[in-house]
Structures are given as C-alpha cells and as structure tokens.
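Here's the structure we're looking at; comments come further down.
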Number of protein chains: 2
Amino acid sequence: MKNVLFNFISKYISLTEDEKNAIDSLDMFRSVKKGTILLEEGQKSKESYFVLKGCLRAYYIIDGEEKTTAFYTEMDALTPHCVVNKAPSQYFISCTEDSIILISNSDIEVEINSKFPKFDTMCRMLSEELLAKERINFDEFKTSSPEQRYLNLIQKRPDLIQRVPQHQLASYLGIKPQSLSRLRARIMEKKS
Amino acid sequence: MKNVLFNFISKYISLTEDEKNAIDSLDMFRSVKKGTILLEEGQKSKESYFVLKGCLRAYYIIDGEEKTTAFYTEMDALTPHCVVNKAPSQYFISCTEDSIILISNSDIEVEINSKFPKFDTMCRMLSEELLAKERINFDEFKTSSPEQRYLNLIQKRPDLIQRVPQHQLASYLGIKPQSLSRLRARIMEKKS
DNA sequence: CGTATTTATTAACTTTAGTGAACGAATTTT
DNA sequence: AAAATTCGTTCACTAAAGTTAATAAATACG
C-alpha cells in the first residue's frame, strides 16, 4: 500500500528517501469498515482523505432524504469543503465498502508543506488538476440528459455500476431511483 | 486596477514591494472588447485568466448548438482545462462585455513559482478553495430542479440575470431557453 | 433609416421525470 | 429461522422539460 501512495506522488514530484520516511512516520494509513461514517453534517473536520482501496460516498440529507453527490474510489483524493472553508460540514462522508484510506490533517499538512515546499507544489498541481476535471465533469452533466449521463457513466466508471447500490447511483445522476429503473428498461428496449 | 489585484492576493499571502514590482513588470493587464474570443475549441492554449472587470463565458458547440457552462465575473480566476491537461480545448471562452482581465502564461507561472515559492502556496490555496466551491456548486445543481436552480441563481448571482442574455442563462441552468421562459412565467404566476 | 438577424415569449404536442403505491427479492435484524 | 427493513422494479398518474413552430421585440447591420 505504501508503494501505491509513492507511485501516485511520483506523478507530480520526486521524493528523496528522507522525504519518504517523513511521510511514513506520519502514520496516516487507516483500515475502515463498510458503513463507517468519516464525516457528519455539522462537524468541523480538518481531515482530508485519499482512497487506496475501497469506496467513499458523499451525501446530503435534504428533507430527510439521502442525496448522494460523489463517489471516491482508488486513487481519488478528497478534501471536504468544511476543511477549506473552516465551517461546519453540509454533508456526510461514509465508506460504502471496507476500505484502506489515508487520512491527513490540515494542521499537519501546513507543517509538512512549510518544511518541504515540494509538497506545496504537489498539492497545487493536484488540486489544479482536480479542479479542471471537476469542471469538465460538471459541464458534461449540465449538457446531457439523465439517459446520456447514465450511458456516459457506464463508459467512464463502469465499476461504480457494479459496486454501488442503484438508489445511490440515481441521485448521483440527479434523478429518482424509479426514474433510473425506467431509464435502464428504456435502454434495454432500444438495444433489442 | 493594480490595487484590485493586490487586494485579492493579500487575502492569501503578503507581498513585499519587490514581489509587487515583479508582478507589475509582467505586464499582464489586458482590455478586451465584447465579443472577443479568448480561447477556441481545438486550441492548445497556455493562458489563464483573472477577471478584474467584465464577464467571460465558457461554452461548447455541441451538434451546432452553443451550450454555455460557466460565467466568470469580477474576482473570478479561470485556468482552462486545456492548460492543465496540455490537450486541445473542448470549449470556447469569449467576452460577453468589454472587460479588463489579467492574462498569465503557464510557462511564466512556473518561473515565478520557482522564484517565489509564496506564489506556489497562493495558487495551491486558491485552487483548493475553487475546487471546494465548484463541488458545492455541482452538488447544488444535482440536488435541485431547474426551477430551484433559477431561484438559487437569483439569490447567489443576481447580477448575472441582468448582464447575460436569457438563452445563455438557460443552458447554464441545464435547460432550453423555452423552458426558462416558461419556468419564469410559472414563478410569476405563483407570486401573484 | 429600414432591413435582417437574434432574442424572448407563447402555444400545442411529445417525451421524460416526479410521485405514490404495490410487489417480490434481497438483506439485515432479532 | 422468522420477522422486519431495505431495495429494485413496475404501474398509473401528474408535472415539467424537450420540440417545433409562430410571433413580437430588441439588436445589429448595411
């Protein structure tokens, strides 16, 4: 698992042995059981997550209903809004599978970043990249119908359709579970 | 206008006179006329933009139709996907008003960032902030109906409704111009 | 200035999503 | 193992968005 992390980092910066040891000594790896809630609405957390194995889900509870807005899987990084904003979280984050994740604390990050400016650069590159990706994603969502979004998801993240319950996928696609069922039936119809 | 920029920067880092002069000497301020296209589909640009005054619009052309996905106004920063990705742009960026903007080049940014690590930190903070905001925005979009999105826009960016043509707003809200017209009529109906 | 084009609205009709309810299947709880 | 809950699908119905077309208003252009 350590190597998975170092491989990921090496896409952005190169690390010396010293730096690798520094990261190692932070002891950020965590095994979390399916169903564990990492962040709750109203909480002021300072934790960011990096998924090495498994799947995290972000969801709101609006009028008593769960609204899933994001899934984070292998190699996905997530800094919740409340960490950046220093305000109570508006959403929950839970594990949809037994997962191995990296948890970092923003206070420690500040320390590390000032000790190793390289990390600052890496974080900058990573969040610029994630921002660009997020925008493209949003654009695709805006410019397509629920059916197109579903077909697009099959192409881009086929694993999600297997590993995540249908009703969570539905709100991820911005629709109700019944509509997703219907839409899937419609697609099957067309194929035959 | 210079002061507007320095005020913005001061939210993230503090600058010495030397650093201010360094920025100044880059001569990045540009006046652009309404209608100017800053980035075209297929282009490999290295330019990022910061809006001091005016409004930029990002749009795709899909099946011959313009699909507006974003507006950038005063104090908004924008690094197009193609700059991060080093790939041809999928969308256009144009000025919807006479504007004063800052144009920076990614090659120069790399230089500046290595000379003044502070800038690296600022860029990291800025893009982390923008990423968190973008996600919240996307979440709101996903979890609400076109009508709610429109009402939300009135609250959050009332200026846009004034300064931007209706049909561009429509695709920004993920719907057709006719639907926006109808939806507006429906809201008026309810109020009375 | 008048003409052409673009923009916004309205209407009729079609398609698709939301809603509430019912049902069996799967999963969890006891 | 039985009971309870959750999940996915289907159905009938309602509400809202897409589509096509017509028209009026605003804007741009020669």
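A, B, ... follow the sequence lines: proteins, then strands. Residue 1 opens every chain.
- The distance between atom CG of A:Leu173 and atom P of D:dG8, rounded to the nearest whole Å, is 13 Å.
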Nucleotide N/O to protein N/O under 3.5 Å, stretch nucleotides 28-30 of chain C:
none

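- Aromatic ring orientation, A:Phe8 versus A:Phe50: tilted (interplanar angle from 30° to 60°).
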Under 4.0 Å protein heavy-atom contact, by nucleotide of nucleotides 14-25 of chain C - B base, S sugar-phosphate only: --SBBBB-----

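- For A:Tyr91, the ring-ring contact (aromatic ring centres under 6.0 Å, His included) partners are A:Tyr60, not counting sequence neighbours.
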List, one per line, each side-chain donor-acceptor pair under 3.5 Å for residues 27-40 of chain A, sequence neighbours excluded.
unit_1	atom_1	unit_2	atom_2	d
A:Arg30	NH1	A:Asp27	O	3.3
A:Thr36	OG1	A:Lys33	N	3.4
A:Thr36	OG1	A:Lys33	O	2.5

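- One finds a side-chain N or O of A:His167 lying less than 4.0 angstrom from the OP1 or OP2 phosphate oxygen of D:dG8.
- Counting heavy atoms from C-beta on, the side chains of B:Arg135 and A:Glu134 come closer than 4.5 Å.
- Rounded to a whole Å, the CD atom of A:Glu189 is 11 Å from the P atom of D:dT10.
- The separation between B:Gln166 atom CD and C:dT10 atom C1' is 14 Å, rounded to whole Å.
- The CD atom of B:Glu65 sits 10 Å away from the P atom of D:dT20 (whole-angstrom rounding).
- Side-chain N/O atoms of A:Glu19 and A:Thr16 include a donor and acceptor closer than 3.5 Å.
- Within the nucleic acid shown, A:Pro165 comes within 4.0 Å of sugar-phosphate atoms alone, with no base atom in reach, counting heavy atoms only.
- Atom CG in B:Leu180 sits roughly 11 Å away from atom C1' in C:dT9 (whole-Å rounding).
- B:Phe141 and A:Leu169 end up in different hydrophobic clusters when Ile, Leu, Val, Met, Phe, Trp and Tyr side chains are linked at under 4.5 Å.
- Taking 4.5 Å as the limit, every side-chain heavy atom of A:Leu5 sits out of range of all side-chain heavy atoms of A:Met1.
- Look at CZ on B:Arg184: it is 12 Å from C1' on C:dT7, rounded to the nearest Å.
- B:Leu183 has its side chain within reach of B:Ile175: a pair of non-hydrogen atoms, C-beta onward, lies under 4.5 Å apart.
- More than 12 heavy atoms of other shown residues, nucleotides or ligands fall within 6.0 angstrom of atom NZ in B:Lys11.
- Remark on the helix from C:dC1-D:dG30 to C:dT30-D:dA1: inter-end axis angle 50°, axes from five-pair C1' superpositions, rounded to 10°.
- Qualifying ring-ring contact (aromatic ring centres under 6.0 Å, His included) partners for B:Phe116, counting only residues two or more places apart in sequence or in other chains: B:Phe119.
- With salt bridges taken as basic N to acidic carboxylate O contacts below 4.0 Å, none links A:Arg124 and B:Glu109.
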